[in-house]
Amino acid sequence: MKNNKLGSSGIGGQAVLEGIMMRNKNKYAIALRQPDGTISVRVKKHKNPTSRGFRSLPFIRGIFALIDSLTVGIRTLTYSANFIEEDEVDENDKFEMWLIDKFGERAEKVIVGFTLFISIVVAVALFFILPLFVADMMARFVPGVTDAHVPLIEGVLKVLIFIIYLVLTGFIKDIKRTYMYHGSEHKCINCIESGKPLNIDNVQKSSRFHKRCGTSFLFVLIILSIIILMCVQTDITWLRYTIRILLIPVIAGIGYEFIRLAGCSNNIILRILSAPGMWMQRITTKEPTRDMIEVAIVAVESVFEWREWQEERGIDIGQAPLDIHSDVIEDTEEDERAREQRRRSKHLQHTVEDEQVEEPETYEPQPFHVKPEEPERKMFDETVTAPTEKKDEPEIQQPINGSGFNWKF
């Protein structure tokens, strides 16, 4: 059975630390597994930037959709990190607390904006500037490599950097679990779009690969950049770098339309073109555990009425067994503010402890030991001896150095 038998449901998501973010229309939900086994859910409203106006036009909407996805992704990752690591205070938290003290309620926007800016700069440098720079250096210094080989070398380097980055991050313990949650997100969506009731058993049997995945989107952007930039060539060095930066919005717009179309169709050509991106998901998605699937189901049901959606498409789930989930606790704004206040208190406590000056050790006088006086040392032995009678002896006189003077001893 094909994964999207009923077509696209329109929902999407993202794996976060120990949880899932699911998004549908103008709201999204973050479900996190707590250490005590409960599931915390936070539902937030979010305006879709591509819903109306010129930003909803084809190829234009892809630019805004990409920026919006990055923004929401950073915000949800920050939320999950703060939620899970509430009791820990490190150097990043100190910087975040400083921003909160400095900007107040606008601190979150500043943090998200700054993180988004750094992320874009790093991505552009890593996938657009660095491959071209290495290819240029090879054309200059490697025998047999010419300027005609630069586009091909640049394209190969982009793909290699992307794959190596994904593989290396997979060795990080937290990222490895995030990849497992990523798989549970895909499985839930595939389960719904294939017309099956959303329960743990059905989700486990579903595929962990999906054509609308962000991994596929990024890989499509890389492939599109290789194709487009091979057609746009110039001998002016600075212009080559400038063109790559200026064409990023164009590449994003085209890539978004391709992913959008591929997610709604089972056309054989689109399936073939989507295959490389699906292969990349073998790195970024792993088989989840049942408790991870349960978290993903809770996130889906918080923003999407999947039963109504299936019934509108002629699917009658009847008396299909549904799961009874673990205790689900709604996380409110008051809870988030209280959590933030606790983190700030811990930060303040750590700051006071770091700045506290160590008190000098109290001096305890040691018992004073008087050394016994040593007898005074004499230059000569002054031992007194009994006087002896002096005998008259003839006085010996010897000249010294032949002089006319005689010294008496």
Side-chain angles (χ1 to χ4, degrees), residues 1-25 27-44 76 80 83 176-215 263-264 266 278 281-282 284-331:
M1 183 180 292
K2 297 176 181 178
N3 289 332
N4 58 346
K5 170 186 174 183
L6 303 181
S8 175
S9 61
I11 61 175
Q14 172 184 315
V16 296
L17 295 177
E18 293 302 324
I20 292 289
M21 181 274 289
M22 278 293 182
R23 181 174 178 178
N24 180 39
K25 296 180 180 178
K27 61 180 179 179
Y28 63 88
I30 310 171
L32 303 175
R33 174 71 71 176
Q34 301 303 301
D36 60 1
T38 60
I39 301 175
S40 172
V41 181
R42 177 70 182 278
V43 180
K44 293 186 177 183
T76 53
S80 64
F83 199 106
K176 186 182 296 184
R177 288 185 59 81
T178 303
Y179 285 172
M180 296 172 70
Y181 275 107
H182 190 193
S184 67
E185 172 220 335
H186 286 186
K187 282 175 171 285
C188 281
I189 297 175
N190 283 328
C191 179
I192 294 171
E193 294 179 349
S194 63
K196 299 176 183 177
L198 190 64
N199 57 47
I200 294 179
D201 291 333
N202 287 337
V203 171
Q204 270 191 323
K205 298 174 185 176
S206 301
S207 172
R208 74 174 197 262
F209 311 121
H210 199 283
K211 288 184 288 186
R212 296 199 311 272
C213 174
T215 305
C264 300
N266 279 317
M278 302 284 279
Q281 294 179 39
R282 295 184 179 276
T284 61
T285 63
K286 303 298 179 183
E287 287 295 330
T289 59
R290 292 181 67 88
D291 61 323
M292 291 178 175
I293 293 175
E294 186 181 26
V295 174
I297 292 175
V298 171
V300 170
E301 293 181 338
S302 299
V303 294
F304 185 63
E305 296 292 340
W306 61 270
R307 298 173 183 82
E308 295 181 4
W309 185 84
Q310 288 184 348
E311 290 174 357
E312 290 174 357
R313 285 152 181 79
I315 301 296
D316 183 14
I317 63 173
Q319 299 297 322
L322 302 178
D323 297 314
I324 300 176
H325 302 301
S326 304
D327 293 337
V328 178
I329 303 173
E330 182 181 0
D331 186 54

Query raised in the report: Could you walk me through whether L198 and V203 pass the side-chain contact (heavy atoms from CB on, under 4.5 Å) check?
Result: CA-CA 7 Å; L198 190 64; V203 171; 3.7 Å; yes
Query - Check against side-chain contact (heavy atoms from CB on, under 4.5 Å), I192 and F304 - result: CA-CA 10 Å; I192 294 171; F304 185 63; 3.9 Å; yes
**Report entry** Trace of the side-chain contact (heavy atoms from CB on, under 4.5 Å) decision for I297 with C188
**Finding:** CA-CA 7 Å; I297 292 175; C188 281; 3.8 Å; yes
Query raised in the report: Where do R33 and Y181 land on the side-chain contact (heavy atoms from CB on, under 4.5 Å) test, with the steps shown first?
Result: CA-CA 11 Å; R33 174 71 71 176; Y181 275 107; 3.8 Å; yes
Report task. Using the salt bridge (charged side-chain N to carboxylate O under 4.0 Å, His left out) rule, take R307 and E301 through it: C-alpha gap first, then chi angles, then the decisive distance, then the call. Result -> CA-CA 10 Å; R307 298 173 183 82; E301 293 181 338; 3.8 Å; yes
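Scanning for side-chain hydrogen bond (donor to acceptor under 3.5 Å, both in side chains) contacts around T76 gives an empty result, with sequence neighbours left out. For T215, the side-chain hydrogen bond (donor to acceptor under 3.5 Å, both in side chains) criterion is met by T284, not counting sequence neighbours. Considering only residues two or more places apart in sequence or on other chains, Q34 meets the side-chain hydrogen bond (donor to acceptor under 3.5 Å, both in side chains) condition with none of them. Applying the salt bridge (Lys or Arg N to Asp or Glu O under 4.0 Å) test to E311 and every residue at least two apart in sequence or in another chain returns nothing. Considering only residues two or more places apart in sequence or on other chains, H182 meets the side-chain hydrogen bond (donor to acceptor under 3.5 Å, both in side chains) condition with H186.
Nearest approach of N190 to S206, heavy atoms of both residues: CB-CB, 4.2 Å. Summarising the geometry of L17 relative to S80, their closest heavy-atom pair is N-OG, 3.5 Å, with the distance given to 0.1 Å. Smallest separation of non-hydrogen atoms from V300 and M22: CG2-CE, 3.5 Å. What you find for A299 and A29 is that their closest heavy atoms are O-CB, 3.9 Å. When all heavy atoms of G263 and S8 are compared, the pair lying nearest together is O-CB, 3.8 Å. In this structure, I39 and A31 approach most closely via the heavy-atom pair CG2-CB, 4.2 Å.
Annotation: side chain of I189 is in contact with side chain of S9 (closest heavy-atom distance under 4.5 Å). Residues S302 and Y28 have side chains not in contact (no heavy-atom distance under 4.5 Å, counting atoms from C-beta outward).
The structure places CD1 of I293 at 10.5 Å from CD1 of I20, a figure rounded to the nearest 0.5 Å. Rounded to the nearest 0.5 angstrom, W309 CH2 and N24 CG are separated by 11.0 Å. In this structure, CZ on R208 lies 11.0 Å from SG on C213, to the nearest 0.5 angstrom. To the nearest 0.5 Å, atoms NE2 (H210) and CD (E193) are separated by 4.0 Å. The line from NZ of K44 to CE of M21 is 11.0 Å long, rounded to the nearest 0.5 Å. To the nearest 0.5 Å, atoms CE (M292) and CD1 (I200) are separated by 13.0 Å.
With hydrogens and angles ignored, the 3.5 Å screen pairs a side-chain donor or acceptor of R212 with a backbone N or O of I11. Under a 3.5 Å cut-off, the side chain of Q310 and the backbone N or O of K196 do form a donor-acceptor pair.
For Q204 and R290, the side-chain atoms include at least one donor-acceptor pair closer than 3.5 Å.
Residue pairs meeting the salt bridge (charged side-chain N to carboxylate O under 4.0 Å, His left out) criterion with at least one partner in residues 9-23, sequence neighbours excluded, are E18-R177, R23-D68.
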